[in-house]
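Presented below is the structure to which this report refers.
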Protein chains: 2
Amino acid sequence: MKNNIKVQRAIYNMTQADLADKIGVSRQTINAMEKNKYVPSTVLSLKIARLFKISVEEIFFLEDED
Amino acid sequence: MKNNIKVQRAIYNMTQADLADKIGVSRQTINAMEKNKYVPSTVLSLKIARLFKISVEEIFFLEDED
DNA sequence: TCTATATGTAAAGTTTGTTTTACTTTTGAT
DNA sequence: ATCAAAAGTAAAACAAACTTTACATATAGA
């Protein structure tokens, strides 16, 4: 699974730490997500989508290997 | 977080085992999700949404405590 | 009522998400 | 070139997802 969190952050001019604070996780969690180190929980993706005012599907994308 | 997976299954007339097979998890995983025993990964919620031809937000709902 | 199918549940074990601490590297502004 | 903020990374520890096995309960049809 891939995501475009970094792009959304850029649109809203937020740092990884900003985003982490707003959705209640650590900065490393955001960093790891952006670097595709792991798959976040659905609660996290819903919170991120809500924050950026777009759908989960507009941020997270399934890949063939998923 | 809550979900309406059971309703979607009913619409498509699928058993928990059917759904589990289609998205590649165990039947107990589906059962536990429906009973709100745990929060699925974003990969799972994307697969379920795709299967039911609706958005993640139409199946999974954040609650105040999330 | 008997039987098959579907659902609920539980415990043990494995894998993966997430935090914390801490350090390095990059980037941008002055 | 320097400095501060931002991003990248890593290891240890903990929490939560997910599997497997196994059994109990419910439901519907013959």
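Below, read A as the first sequence line, B as the second, and so on, with proteins coming before strands; counting in each chain starts at 1.
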- Message: Side-chain heavy atoms nearer than 4.5 Å, only ILVMFWY residues, links allowed to pass through others: does that put A:V7 and A:M1 together?
- Response: yes
- Query: Could you state the CG-P distance from A:N31 to C:dT24, rounded to the nearest angstrom?
  - Reply: 17 Å
- Message: Using whole Å, what does the distance between atom C1' of nucleotide C:dT24 and atom CZ of A:R27 come to?
- Response: 11 Å
- Donor-acceptor pair (no angle test) under 3.5 Å: A:Q28 side chain, C:dT21 base: yes
- Message: By the 4.0 Å heavy-atom rule, please label A:S26 as base, sugar-phosphate, or nothing.
- Response: base
- Message: Less than 3.5 Å apart, any donor N or O on the side chain of A:S26 or A:T29 sitting next to an acceptor on the other?
- Response: yes
- Note on the structure: Against the side chain of A:V25, the closest entry in C:dT19, C:dT9, C:dA6 is C:dT19
- Task: Look at all strands and tell whether A:T29 reaches a base, only sugar-phosphate, or nothing, counting heavy atoms closer than 4.0 Å.
- Result: base
- To the nearest Å, give me how far apart CG (B:L44) and P (C:dT16) are. 13 Å
- Query: Between B:D21 (CG) and D:dC18 (P), how many Å, whole number?
  - Reply: 16 Å
- Query: What nucleotide, of D:dG8, C:dG8, D:dC18, holds the atom closest to the side chain of A:K35?
  - Reply: D:dG8
- Nearest-angstrom distance from the residue atom CD1 of A:I30 to C1' of C:dT19: 13 Å
- Atom OH of B:Y38 to atom P of C:dA10: distance rounded to whole Å? 15 Å
- Item | Comparing A:V39 and B:D18 on DNA chain C - which has the more 5′ nearest nucleotide | B:D18
- Under 3.5 Å, is there a donor-acceptor pair between the side chain of A:N3 and the main chain of A:I59? no
- Item | Sidechain N-carboxylate O distance under 4.0 Å for B:R50, A:E57 | no
